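Note that the structure is a prediction, hence the values are computed from the model and not measured. Numbers here simply count residues along the sequence, with the first being 1.
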Amino acid sequence: MGRVVQKFGGTSVKDIEHIRNVAKIVVKAAESGHQVATVVSAMGRTTDALIALADELTDDAAPREMDMLLATGEQVSIALLSMAVQSLGVKARSFTGAQAGISTDGRHGCARIKEIDASPLEKCLSSGEVAIVAGFQGISGKSEITTLGRGGSDTTAVALAAALKSDSCDIYTDVNGVYTADPNALSGARRLTAISYEEMLELSAAGAQVLNQRSVEMAMNEGVPIRLRSTFEPDDVGTLITHKFDTPAYTVCGIALDTNQVAFKLKLSQALFQADGSDGTLPYPEGVSELLQRLNKLGIACDMFTLLGRSEQSALELFFTSEKRSARKVESVIDDLKEALGHPEIIVDSDV
């Protein structure tokens with residue numbers, strides 16, 4: 001038949017019964033004649049639990065050690081799912097990211113996939129086995145385990161679909177498609193039969209949780225159609241993410257909400273700013289530039305950077321947002337740079 005890449009998220013494999021259910025979906029695809037590569041996330045809230053354990057030990061865990069810790073979650077999932085598939089009479093083999101040939105850059109916690117040597121998976125699929133791959137992880141050029149950041153298993157699935165020249169990339173989750181809004185927050189939300197890469201990318205960037213932003217970007221660049229489906233309604237066709245010309249006509253595709261943000265407001269001294277003498281504008285002071293550089297180096301995703309009241313007459317405030325889990329690290333960086341920032345007044349708002 002064809003070649004299929006499937007991805008199952010943490011809610012789909014949160015316990016043994018759910019893993020058995022996923023195994024049935026995998027086996028059904030294999031018994032239909034498909035070559036099947038399955039990407040799996042860590043079970044349930046495992047990643048959060050591992051982060052909590054690290055937080056009990058230290059406020060400043062080394063990024064390398066965090067990757068060593070967090071990568072274990074997916075290793076549990078792939079082993080258990082392989083056993084479940086084998087128990088149903090179908091051959092299966094589990095692969096860590098490194099064993100699957102997923103090479104990344106060296107940024108711990110937010111690595112990007114550089115290339116995939118698909119030969120180990122090709123050999124597995126050609127021998128009639130299901131390849132079960134750990135999502136969210138890879139290996140750097142220095143042979144260090146790396147993780148891809150939140151939602152990285154989606155990116156793993158799309159990257160594998162491109163590398164394996166898969167006929168489809170089915171991402172299974174706890175919802176049966178992309179909705180015009182979060183159906184948990186808005187009862188009148190409607191499911192879309194199809195949505196374009198560009199629109200899904202905007203929704204993901206704005207806070208929609210159904211698909212990782214980087215995975216959508218990769219799918220668009222590689223021309224990989226994604227079908228978002230429900231693990232609990234496996235026969236439902238879900239929502240197709242594809243080229244614009246294949247999607248229905250509408251004016252607004254949807255709205256997104258993100259409550260996982262913390263807002264930072266720094267009241268800066270006017271003394272930090274001097275006109276550059278060319279067009280009278282006030283450039284960022286060195287302290288602000290250093291703040292941006294350090295946050296980027298740490299892999300902390302920040303957004304909404306705005307300099308408010310940017311003139312010689314009015315007060316100056318630097319405003320930006322970050323994910324809640326990064327808040328303490330952001331505050332630590334600001335504290336390290338307080339002198340360069342002119343000892344600013346800092347307001348942190350977690351209710352945004």
Review point. In a check of side chain to side chain donor-acceptor pair (under 3.5 Å) between Glu122 and each of Arg3, Gln35, Lys165, which one passes?
Key: Arg3
Point to revise | Under 3.5 Å side-chain donor-acceptor pair for Thr104 and Ser140 | key: no
Check your understanding: Going by an N to O cut-off under 4.0 Å, is there a salt bridge joining Asp55 and Arg328?
Key -> yes
Review point. Parallel, tilted or perpendicular for Phe264 and Phe320, by the 30°/60° rule?
Key: parallel
Check your understanding: Are Thr58 and Asp60 close enough that a side-chain donor and a side-chain acceptor fall under 3.5 Å?
Key -> no
Check your understanding: Any idea which heavy atoms bring Ala37 and Leu164 closest together, and the distance?
Key -> CB-CD1, 4.0 Å
Review point. When you check the side-chain N and O atoms of Asp15 and His18, is any donor under 3.5 Å from an acceptor?
Key: yes
Point to revise | Heavy-atom side-chain proximity of Leu203 to Ile195 below 4.5 angstrom | key: yes
**Study point:** Within-4.5 Å side-chain heavy-atom neighbours: Ile139 and Ser143
**Key:** yes
Point to revise | Contact summary for Pro234 and Thr231, nearest pair of heavy atoms | key: CD-O, 3.6 Å
Point to revise | Side-chain ion pair, Asp170 and Lys7, N-O less than 4.0 Å | key: no
Exercise for review: Give a yes or no on whether a salt bridge exists between Glu345 and Lys265, defined as a side-chain N under 4.0 angstrom from a carboxylate O.
Suggested key: no
Check your understanding: Does the side chain of Val133 reach to within under 4.5 Å of the side chain of Thr38, using non-hydrogen atoms?
Key -> no
Point to revise | Lys/Arg N to Asp/Glu carboxylate O, Asp48 vs Arg150, below 4.0 Å | key: yes
Point to revise | Gap between atom CG of Asp236 and atom OG of Ser230 - 0.5 Å precision | key: 7.5 Å
